[in-house]
Amino acid sequence: MKNNGFFSIYALMWLNIVTIAAVLIIASAVSLKNAKQNMLLYDAQIASIYRTKERLSQMKQCMIDIEQNYTQEDTDTEFEIDTDGKEVFKDADKENETKIELEFDRQAQEAACISKPETFIYHDIRISIEYDEESCMIHLNNKQLQLSYSISDESINDLVYISVK
């Protein structure tokens, strides 16, 4: 009888050790799964920042092209040729109207360069980016980030977490 009690306590001690080990393994697996999900989210944030950086260079090139077209049209409209074949300044009212129309056209073209939103998937995380003149909103599934940038020097100034659900 004394031996049966010893073996029972010994068996319960081993059962306790196995149970603790199983709980630790399960907790470890859960934390690894959470870590993997968090790493995918961080990777998606980095991917969205790199995409924004690439888009900044495209925006800058588009702005340069618009500026070149604008200055070329502006120089083309300063003079007109009179009946004698000499260049003379255009009528001031026509020139002002033309400049206003060109400015509106230029602003519309710049807005079209900047405001094209985009959406893509990165490792089962849906990323959508809405661009503005000085910042963009990045939506990563249930997280929202605001990225401030400067188009002229293609630099990213700030990254702020707006909401986390």
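We count residues from 1, following the sequence as given. Remember, predicted model here, so these are calculated numbers, not experimental data.
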Participant: If we ignore hydrogens and angles and just use 3.5 Å, is the side chain of Asp158 paired with the main-chain N or O of Ser148 as donor and acceptor?
Facilitator: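 Pair absent, no side-chain N/O of Asp158 close to backbone of Ser148.
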Participant: Going from CD1 on Ile162 to NZ on Lys143, what distance comes out if it is rounded to the nearest 0.5 angstrom?
Facilitator: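 Here the interatomic distance stands at 13.5 Å.
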Participant: Test Glu130 against His139 for side chain to side chain contact (heavy atoms under 4.5 Å, CB included), laying out the working first.
Facilitator: CA-CA 9 Å; Glu130 300 168 1; His139 302 278; 3.8 Å; yes
Participant: Going from CG on Leu15 to OG on Ser8, what distance comes out if it is rounded to the nearest 0.5 angstrom?
Facilitator: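 Rounded to the nearest 0.5 Å, the CG-OG separation comes to 12.0 Å.
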Participant: What distance separates Met137 CE from Asp132 CG, expressed to the nearest 0.5 Å?
Facilitator: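 Answer rounded to 0.5 Å: 10.5 Å.
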Participant: Using residues 53-64 as the side-chain source, report each donor-acceptor pair under 3.5 Å to any protein atom, sequence neighbours left out, with the distance given to one decimal.
Facilitator:
{"from": "Lys53", "atom 1": "NZ", "to": "Glu154", "atom 2": "O", "distance (Å)": "2.3"}
{"from": "Glu54", "atom 1": "OE2", "to": "Arg51", "atom 2": "NH1", "distance (Å)": "3.1"}
{"from": "Arg55", "atom 1": "NH1", "to": "Lys116", "atom 2": "O", "distance (Å)": "2.8"}
{"from": "Arg55", "atom 1": "NH2", "to": "Lys116", "atom 2": "O", "distance (Å)": "2.9"}
{"from": "Ser57", "atom 1": "OG", "to": "Glu54", "atom 2": "O", "distance (Å)": "2.6"}
{"from": "Lys60", "atom 1": "NZ", "to": "Ser152", "atom 2": "O", "distance (Å)": "3.2"}
{"from": "Gln61", "atom 1": "NE2", "to": "Asp65", "atom 2": "OD1", "distance (Å)": "3.1"}

Participant: Find out if a path of hydrophobic residues (ILVMFWY) with successive side-chain heavy-atom gaps under 4.5 Å connects Leu147 to Tyr42.
Facilitator: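 No, Leu147 does not connect to Tyr42 through the hydrophobic network.
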Participant: I want to check something: taking the side chain as every heavy atom from C-beta on, are Ile121 and Ile127 in contact at a cut-off of under 4.5 Å?
Facilitator: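 No, every pair of side-chain atoms sits at 4.5 Å or beyond.
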Participant: Sub-3.5 Å donor-acceptor pair from the side chain of Tyr149 to the main-chain atoms of Ser135, do we have one?
Facilitator: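 The answer is yes, because a donor-acceptor pair under 3.5 Å joins these two groups.
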Participant: Will you find, in the side chains of Ser150 and Asp153, an N or O donor that is under 3.5 Å from an N or O acceptor?
Facilitator: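 Checked: Ser150/Asp153 side chains pair up, N/O donor to acceptor below 3.5 Å.
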Participant: Would you give the length of the straight line joining atom OH of Tyr122 to atom CG of Leu140, rounded to the nearest 0.5 angstrom?
Facilitator: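 Here the rounded value is 11.5 Å.
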Participant: Decide if atom CD of Glu118 counts as having more than 12 heavy atoms of other residues, nucleotides or ligands within a radius under 6.0 Å.
Facilitator: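 Yes, because the 6.0 Å sphere around CD of Glu118 holds more than 12 heavy atoms from other groups.
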Participant: Please report the shortest heavy-atom distance between Ile129 and Ser48, naming the atom on each side.
Facilitator: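 Here Ile129 and Ser48 meet closest at CD1-O, 4.0 Å.
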Participant: Nearest 0.5 Å please: distance from the CG atom of Leu41 over to the CG atom of Asn141.
Facilitator: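 Rounded to the nearest 0.5 Å, the CG-CG separation comes to 7.5 Å.
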Participant: When you measure from the side chain of Ser28 to the backbone N and O of Leu24, does any donor-acceptor pair fall under 3.5 Å?
Facilitator: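 It does not hold such a pair.
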Participant: If you apply the rule side-chain hydrogen bond (donor to acceptor under 3.5 Å, both in side chains), what do you find for Tyr161 with Gln144, and how did you get there?
Facilitator: CA-CA 6 Å; Tyr161 288 90; Gln144 187 175 10; over 6 Å; no
Participant: Kindly give the heavy-atom pair with the smallest separation between Leu145 and Gln45, and that separation in Å.
Facilitator: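 Smallest heavy-atom distance, with atoms named: CD1-CG, 4.0 Å.
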Participant: Enter the distance from Asp43:CG to Ile125:CD1 here, rounded to the nearest 0.5 Å.
Facilitator: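 Rounded to the nearest 0.5 Å, the CG-CD1 separation comes to 8.0 Å.
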